[in-house]
Amino acid sequence: MPVAVETHDLRKAFGSTQALNGVDLEVPRATVLGLLGPNGAGKTTAVRILTTLLQPDGGTALIDGINVVEDPRAVRQRIGLTGQYAAVDERLTGSENLQHIGRLFRLGSTEARLRADELLAQFDLTEAADRVVKGYSGGMRRRLDIAMSLISRPSVLFLDEPTTGLDPRSRLGMWDLIEGLVRDGTTTVLTTQYLDEAERLADQIAVIDQGVVIARGTAAELKAQIGGARLTVTGASPADLDAMATALGSLPMVIGATEMDPITRSVTVTVTSAEGVVPAVVRTLDSAGVEIADVDVAGPTLDDVFLQLTGRSTADPDDADGVAAAPAKRKGRK
Amino acid sequence: MTATTETMEPAAAAPLPTGVLWIWRDSWTEATRHLRAVPRNPELLVFATIQPVMFVLLFVYVFGGAIATPGYSNYEQYLIPGIVAQTVVFGSAFTGVGLADDLSKGMIDRLRSLPMYQPAVLIGRTLSDLARNVVAFVVMMIVAFLVGFRVEGSWLAALGATALLLGFSYAFSWIQALIGLSVSSVEAANSAGFIWMFPLTFVSSAFVPTASMPSWLAAIANANPFTKLTNAARALFNGQDPGSDVWQAVAWAVGITVVFAFLAARKFARSASR
Ligand SMILES: Nc1ncnc2c1ncn2[C@@H]1O[C@H](COP(=O)(O)OP(=O)(O)OP(=O)(O)O)[C@@H](O)[C@H]1O
Ligand SMILES: [Mg+2]
């Protein structure tokens, strides 16, 4: 399969901050790469280098085999960029914004208008086409923003956190939209902090943290990599909570810590595999004389993957300082 | 999830254009982006012209009697070229503010990711601001004629003065472009763009003859390029011999444009939205 995006040992520092510390990526044509990482991981930096906005300190980056540093114009001819913040001209109408980009891609004025109309329809903006963007909602702006990066039918589309700041309904709409684009064969690099988003949209996920890719694979592979499942048992009586925890702790398939929640009367543990867990739990707790209200086994989420890989949750940016030395251990600096 | 068999071929088959026509087309496209917005925010233009008009009226009627301008039929003949020069030079600040706005909104990132002629973003911006300055200039001149200003030299010389004034404002747009790309917010672009223009325009021959200043200040004022511009425009409007002032003013305008266009284009190529 031909490769649309390729980076090798990509590096970039801002002062003493090593934003990218040797990143290797490979995106086959007509697939979606999800760059998943918390705040400050280096996602935007990687996108900015790939879209010729930023010069790397070292390493190579190729789009359709073209080096982004050596021939930026040829690269710009092939890419579409939707940055982290909607880049639209608020003083113009939606249609004017699109036509403007079209003309900068050297479409004739009729051609630019036709393409604009086409995209406005595709992105459900026809009604708002002749309204000044200043009055658009966040979701509408974001849709227009993405439409603007598609004017030239790019070979590779970069979407930097396309759903950050959108309400849940707009977010689902955006997912449908992106899935449609991808179905049409647009190679896409998508950055996100949302695990469910990467899981739904990406063929391959690269988990990036502090400038280093710490894991990669499909969502299923990443889950298999940490293995296990989450087992939650709810007791019938609050008095049984300790007995329940002890009994569960003695099970051979249980790994990791035991979490007790007196309010829901439940105990949660991680088990090596979901298979055969429920009968074993029922038997063990039965012989321990604990009455059960509910047993629930769930596969790991990507959040679990992240937690396992970095020792902190994605939703926990305040922790970042505590593990600042971690990437240096994982990968020595040059 | 997305295993489409038919992969899309890159659309980049068309050869990349080069040459003057390409530069002009992209610059004009960018200029129209801003020009289109002007009639939608008429108050911006209105307020931009109210202040200089107020200046004309205040200076003429409040200070007019107190300031001696020997060699001129009246204070209007002396003052108007100076105030017009100040107005068009102040008008250059729009360039920096506009670029800072584009930068903060991510628009510069978008444009930098396009295969367009990159400096066209700056050329288009400075040209549209020049157009705005032409409007401000015309409004000022109408008010000037209403308060008694007259072209006392040839109309050709007056036309020369007009070209010089607008050329200077265009040159200053490039200084403002560099400022707008260097600061971190629109507000900062506004302050940083204006603050130095006050001493530049007041420590000059724009409002009072430099001979009336303390000698150390007069020395600074006489060396000020803005004094050259004012003197040249004033002489041309009043039918006097401008001497070397015209050429010195032209040299300043060309020099500033060349140097700051280079610096701004270089800054632009490295700029990043915030
Ligand atoms: N222009 C810059 N100057 C200085 N430091 C920068 C600059 N851009 C990024 N950084 C730093 O580089 C690191 C990576 O930033 P980057 O924007 O790539 O992260 P990100 O993964 O996109 O984060 P977010 O989810 O917050 O957008 C951060 O520590 C950031 O502070
Ligand atoms: Mg980012």
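Order of the sequence lines fixes the chain letters, A, B, ..., with proteins taken first and strands second; residue numbering starts at 1 for each chain.
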- Message: Quick check: do Ser149(A) and Arg110(B) have side-chain heavy atoms less than 4.5 Å from each other?
- Response: yes
- Message: Would you say that Lys134(A) contacts Arg40(B) through its side chain, given a criterion of any heavy-atom pair below 4.5 Å between the two side chains?
- Response: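 A side-chain contact is absent here, since even the closest heavy-atom pair is not under 4.5 Å.
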Atom of [X], atom of [Y] and distance for their closest heavy-atom approach:
| X | Y | answer |
| --- | --- | --- |
| Leu81(A) | Asp109(B) | CD2-O, 4.3 Å |
| Arg76(A) | Arg112(B) | NE-O, 2.9 Å |
| Gly106(B) | Ala87(A) | O-CB, 3.2 Å |

Which bit of [X] comes within less than 4.5 Å of chain B, counting heavy atoms only: side chain, backbone, both or neither?
| X | answer |
| --- | --- |
| Phe158(A) | neither |
| Ala86(A) | backbone |
| Val75(A) | neither |
| Gln84(A) | neither |
| Thr93(A) | both |

What's the spacing between [X] [atom1] and [Y] [atom2] if we round to 0.5 Å?
| X | Y | atom1 | atom2 | value |
| --- | --- | --- | --- | --- |
| Asp89(A) | Lys105(B) | CG | NZ | 8.0 Å |
| His100(A) | Glu30(B) | NE2 | CD | 4.0 Å |
| Glu96(A) | Arg33(B) | CD | CZ | 12.0 Å |
| Arg91(A) | Arg36(B) | CZ | CZ | 11.0 Å |

- Hey, which residues of residues 123-144 of chain B are touching chain A, say heavy atoms under 4.5 Å apart? Arg125(B)
- Message: Under 4.0 Å between a side-chain nitrogen and a carboxylate oxygen: does that hold for Arg103(A) and Asp26(B)?
- Response: no
- Inspect the surroundings of CH2 in Trp175(A) and state if more than 12 heavy atoms from other residues, nucleotides or ligands are less than 6.0 Å away. yes
- Under 4.5 Å from any heavy atom of chain A - which part of Gln118(B): side chain
- Task: Evaluate side-chain contact (heavy atoms from CB on, under 4.5 Å) for Gln55(A) paired with Arg270(B), printing each intermediate quantity in order.
- Result: CA-CA 9 Å; Gln55(A) 298 273 322; Arg270(B) 297 171 187 170; over 6 Å; no
